[in-house]
Number of protein chains: 2
Amino acid sequence: MVGRSSRVTIHDVAKAAGVSVSTVSKALNDTGRMTAETRDKIKSIATGVGFRPNALARSLLFNRSFTVGLLTNDTYGRFTLPLMSGISEALVDQGVSVFLCAIEDDPKLAKIHVDAMLDKQVDGIIATGKRIDRSLPVDLAGLPVPVVYAYSQGTEGSVILTADDAQGAQLAISRLRSTGRRRLVHITGPESFASALERANAFQRTVGPDAKVLFGEWTEAWGHQSIAALFDAEGERPDGIFCGNDQIARGVVDALRERGLRVPEDVAVVGFDNWEIVAAQTRPALTTIDMNLKELGRIAGLTILDLAEGRPVAPGLRKLPCSLVVRQSCGSSDQGN
Amino acid sequence: MVGRSSRVTIHDVAKAAGVSVSTVSKALNDTGRMTAETRDKIKSIATGVGFRPNALARSLLFNRSFTVGLLTNDTYGRFTLPLMSGISEALVDQGVSVFLCAIEDDPKLAKIHVDAMLDKQVDGIIATGKRIDRSLPVDLAGLPVPVVYAYSQGTEGSVILTADDAQGAQLAISRLRSTGRRRLVHITGPESFASALERANAFQRTVGPDAKVLFGEWTEAWGHQSIAALFDAEGERPDGIFCGNDQIARGVVDALRERGLRVPEDVAVVGFDNWEIVAAQTRPALTTIDMNLKELGRIAGLTILDLAEGRPVAPGLRKLPCSLVVRQSCGSSDQGN
DNA sequence: TCAATAAGAGAAAACGTTTTCTCAGCCGAA
DNA sequence: TTCGGCTGAGAAAACGTTTTCTCTTATTGA
């Protein structure tokens, strides 16, 4: 059995206007030849009966669905939502909609979703994850549609978009230095995370070879622990701490406060991620690095569009700059002078 | 100019098999009459050449796109993502995909997205927001497709799904009581939020007419402040606190600890929302109420499917039960005995 | 052996568009 | 008057499916 639409079609418009469907189509698309009079009459009739062209029919004809898929295994949406927001913003005025597919590290589920998207003729797929150094549990190479990796590992020769961790680290360091801090320490997550490593390397390159880096976990608890370790030990104590993420930074700030140290007067702290919910609720609120994921999403959207429309895009890894978000945990930049 | 597909179509299969497209269609769909031999041969050829039917063409024919739209103004994704996850889970094995549209309280943007979804012939729309007592900035009544409201205000006669705030409150209260607490206080967000009010009313109904309720903000800072107010004042001090959300609860727990009060030994605390990132990082980790948004999403998905397929669904407000998530902030339930 | 029935498979229409092709009418020029 | 060119508009094909209808061939029963 075949469904029947109750929506108004171009045939209804044609009937109402007393012309053929071809004339209606040409009138509405400002193509073909006809008197301005005819065109205007048809247009007004079309809006009068509330005609909106069926995108499915167009898609079938143009082999272009004006739809892209966003594949993610980031259940929390820590990265996905800002990204999604940027993608959507870049594409909405092109009339492109976004399928969001949450695959929970499940290869089977991933395949189902990818197949469904392909069946629905998406113009492209954006793959994203929660780690820059892991790929989704599904092979996206050799698909009949373009793929862009955003904040996820990608295959050889593909387009990969990511935040510039090293530049972000440098931003944090120069902020700390501009407030007069000289004894800097970096407290971050596991060494096994590429972004932790990248930031740590940038930290050591910039601060000096024996600059102290503490690898641990991405948790508040680790922030607490590392402060205990740093301040219970003998020797020089840091006056500026760059944290690998905002949760660690929160733990650090809380631990410092509990020890009677003032933030930012005694120790300045800079976080990473600008996760509002953490950064803004910390007292004092965190100065932190924002990866501009929304902008990353916007560029991912534009890129997939370029690829879908056959415009050339240079493959390879593209690092987008981070920016500094100033709150209170690092003082004002003239404070040190 | 009309696009040309490079994908393999049913015509290619027909050519490869030396039969007509109708026969191929019937073979693959297990309809029509033909020898089992023919059917099997066609099926194996189809998989051999990697044929996958174009969902657009089917949709056009059946007037059914196997696509639903999720409209949200919850930018943070505090509610949207669990909901999305549930919806997706409920629909994925029906072959239904989800368009996620983030509209930032912008009526124009909302209209654009809704129009785009209608043009793409979505089978239904699920509307969700960040408050149960606010509706999205777009009128979804009278659309040619079914609409389900999930965690959002809906129009008269529509299907509205929400969490049972009163039942959630009762869950928290009975937990506090079962650990032996008798002097209960409720600290929550602004009175202007329907869910704050609903929980507060349930609290007072259950605990007693002069049970203390403190309305404020949904922030940690408010949690701190209210503890200061409660414990600096004369008179009876609470030994059990039910908080309106996890952020308040975190503020409360931190403030109690700073005062030298032990949680849960001296004061037991129950939160609301089960927002992992807050609840799990609090020390002690929060016992809290989970609104089961994923389940809510699952039901929303199934409901929109029912409506899309013409099955009857009773309109009106449907409240789904919350559940208790036990961590450490409320002790164990036999502790009070 | 013949007719009635069933089986197997193809042709064509339909879904709602857009575009190319065709055609009728009209005007001006030779 | 006749022919070439232009203008306005419709017919038809195409996109990739599914389904109904029709037709040919084979099988069965008398």
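Because the structure is a prediction, the values reported are computed rather than measured. Quick note: numbers below take in every heavy atom, side chains included, and nothing from hydrogens, waters or symmetry partners. Proteins get letters first, then strands, A, B, ... in listed order; numbering begins at 1 in each.
Taking only side-chain atoms of A/N54, from C-beta outward, the nucleotide of C/dT18, C/dG16, D/dT18 with the closest atom is C/dG16. Distance from the side chain of B/F62 is smallest for D/dT18 among the nucleotides C/dA9, D/dT18, C/dT17.
The distance between atom CG of A/L60 and atom P of C/dA14, rounded to the nearest whole Å, is 17 Å.
If you check every strand for non-hydrogen atoms under 4.0 Å, B/S25 touches a base. At a threshold of 4.0 angstrom between heavy atoms, the contacts of B/R39 with the nucleic acid are absent. B/R64 comes within contact range of no nucleotide atom at all, as no heavy-atom separation falls under 4.0 Å. Backbone-only contact: B/R58 has heavy atoms under 4.0 Å from sugar-phosphate atoms and none from a base. Counting non-hydrogen atoms under 4.0 angstrom, B/T38 reaches the backbone sugars and phosphates but no base.
Looking at heavy atoms from C-beta onward, B/T67 lies in side-chain contact with A/K120 at the 4.5 angstrom threshold.
Taking 4.0 angstrom as the limit, B/T23 places a side-chain polar atom (N or O) nearer than this to OP1 or OP2 of C/dG10.
The 5' end of DNA chain C is approached more closely, in terms of each residue's nearest nucleotide, by B/R33 than by the other of B/R33 and B/A57.
Judged by distance alone, with hydrogens and angles left aside, B/S22 brings a side-chain donor or acceptor within reach of the base of C/dA11, the pair sitting under 3.5 Å. No hydrogens or angles were tested; on distance alone, a donor-acceptor pair under 3.5 Å links the side chain of B/K26 to the base of C/dG10.
For the helix from C/dT1-D/dA30 to C/dA30-D/dT1, the angle separating the two terminal helix axes comes to 70°, with each axis derived from five pairs and the value rounded to 10°.
With respect to the salt-bridge test (charged N to carboxylate O, under 4.0 angstrom), the residues A/D106 and A/K108 do not qualify.
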